[in-house]
**Student:** 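Structure in structure tokens, see below.
The figures that follow rest on heavy atoms only: side chains count, while hydrogens, waters and symmetry mates do not. Naming convention: chains lettered A, B, ... in sequence-line order (proteins, then strands); numbering from 1 in each chain. Model, not experiment: these values are computed from the prediction.
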Amino acid sequence: MSLKRVLVGVKRVVDYAVRVRVAGDGSGVELANVKMSMNPFCEIACEEAIRLKEKGLCEEAVAVSIGPKQAQETLRSALAMGCDRAIHITTDARLDQGGLDPLAVAQLLQKIVEKEEPDLVLVGKQSIDGDHGTTAPMLAELLGWSQATFAASLNVDGGTAEVERETDAGTEVIKIQLPAVVSADLRLNAPRYPKLPNIMKAKKKPLEAIDAASLGVDLTPSIVVEGVAPPAARKAGVTVESVDDLVDKLKNEAAVL
Amino acid sequence: ASTLILADHDGANMTPSTLAALTAASKLNETSAVLVAGAPSTVAEQAAKAQGVEAVFHVDAPPSAKGIASFVEKGGYSHVFAPVSNNTKDFVPRIAAALGVSPVTDICEVLNEDTFVRPFYAGNALATVKTTQSVTVATVRATAFEKVSEEGGAAGVEAASIDAAVAPELPEKISESSGDSERPDLTAARVVVSGGRGMGSGENFAMLEQLADKLGGAVGASRAAVDAGMVPNELQVGQTGKVVAPELYIAVGISGAIQHLSGMKDSKTIVAINKDAEAPIFQVADYGLVADLFEAVPELDAKL
């Protein structure tokens, strides 16, 4: 029995290779003219959804993203990777600081889940901008579903899934009932680069836009950002000439040996 | 107002990072109770001995998120704190959702009862955030706070009545595997020796293990080394892995990507060994050695 539908959440974030800058007035991280990409952990989630389809374990993969107009580019990337259609929840609120709270994000996704009725929701374990890592467990709780966070491997078998999870000490394998929310960790897979013909095809795949304000979720932030500052720079140290020099410094100067 | 600390544990022992969460709670100048859930009573007894703990509530069976939420509401707690770990990242947001609030994650400073500092963008920015919610649920970055003493407290342990989790919330555990337990835990070790892509292979990590064992330390790795399949993920140090702050951090063959630096830059003394003099890791190292690691590490090992 294959799954009818997998919903995969993808987020548009500052590209992982960009060194972010905090605005001089302390208002926040600068986003103007900065390269944006799909959050790396969302790419892994997206890849996993497409592999389920390719293995014949799922009939349809639907990508969903919350964000401004440009989040459509992220959704087109998901479609180019192989998702069948996309849902864009439109908002002008920032999603890296202030703006939409973790609870509001989970509640908006809950509305889409209730409409689309997927058997499985795949998301990244954390976004590399806000760094909250809260979407999967919060969404699972709102839906009353099972969850598996930090997935390193996923085996879907009818109404259940076996998930290998990254733990603090190593890994564990758990069996969860579907429907469920699973969050992707680093080792789940290596995402593909979309091929040019697929990028072209993606432009014609259906993309539905829904105004976040129309979904009946309170979008007022309850965590307000009062200021953003760069971290204190660590003082640069010295270059030692040899291993002997290093051992001497560690023993006599730093006194850590 | 009072704070409920959710103890983190591995089923047998309370984690030392829970002691740091107690310190964070103490900044609020309120009373602190600890909830030990899903663990035997021996863990609750450990919590009761910790300095400053006024009450310990204990429940054996893994509780449901809704069960904990109603325990928080009935107890009238204004704050719920837990130390950051993969374990707490799994269940704390679920509890927050059950309470109908957004959690404040990864706090590294407590300014007052509703204002906190938290890193985001892999630690490249620090946000001061103010929450206006009925209950503040926060996870605490343990390396940012001193640990309270694990001795000196004499709290009583009280059995708590909290609904146990049932399917679908509670998964069926099939198996569990953990890495080398001979070495100290990465997040609690006094010394950490980490390897990066420059190590070349998983086999080459043996020399870091030998060095770590000589120093009584733990072995870590950069995301690049984990990504390349050299070592398992639980060794990963960085914003998307573990955050460590040992007395001595030795980075070997690690270039120093932003996300790695975020996970180790609070270490007391940082040593970097890399043959590339331009590697960003040298900008945060107290002592930098520009050398071929395959010569320098065995030599260092021999001279210690």
**Student:** Should B:Asp301 and B:Lys214 count as an ion pair when the cut-off is N to O under 4.0 Å?
**Tutor:** yes
**Student:** Between A:Leu139, A:Asp245, A:Val225, which shows the greatest number of heavy-atom pairs under 4.5 Å with chain B?
**Tutor:** A:Val225
**Student:** Tell me, out of A:Leu142, A:Val22, A:Val29, A:Thr239, who's got the most heavy-atom pairs with chain B below 4.5 Å.
**Tutor:** A:Val29
**Student:** Highest number of heavy-atom pairs under 4.5 Å with chain B: which of A:Val228, A:Leu103, A:Thr149, A:Val243?
**Tutor:** A:Val243
**Student:** For chain B, find which of A:Val14, A:Asp168, A:Asp101 contributes the most heavy-atom pairs closer than 4.5 angstrom.
**Tutor:** A:Asp168
**Student:** Is it the backbone or the side chain of B:Ile258 that comes under 4.5 Å from a heavy atom of chain A, or both, or neither?
**Tutor:** side chain
**Student:** Check whether A:Ser242 gets within reach of chain B through its side chain, its backbone, both or neither, counting any heavy atom under 4.5 Å.
**Tutor:** backbone
**Student:** For chain B, which of A:Glu226, A:Gln177, A:Lys251 has the most heavy-atom pairs under 4.5 Å?
**Tutor:** A:Glu226
**Student:** Quick check: closest heavy atoms across B:Pro184 and B:Gly216, and the distance to 0.1 Å?
**Tutor:** CG-O, 3.4 Å
**Student:** Quick one: does B:Ser85's side chain have a donor or acceptor within less than 3.5 Å of a partner on B:Asn87's backbone?
**Tutor:** yes
**Student:** Which atoms of A:Phe41 come close to chain B, meaning under 4.5 Å heavy atom to heavy atom: side chain ones, backbone ones, both, or neither?
**Tutor:** side chain
**Student:** Donor-acceptor check, side chain of A:Gln110 to backbone of A:Leu143, threshold 3.5 angstrom: yes or no?
**Tutor:** no
**Student:** Hydrogens and angles aside, do B:Thr105 and A:His132 bring a side-chain donor and acceptor to less than 3.5 Å of each other?
**Tutor:** yes
**Student:** Do you know which of A:Arg21, A:Gln97, A:Gln147 has the most heavy-atom pairs with chain B at a distance under 4.5 angstrom?
**Tutor:** A:Gln147
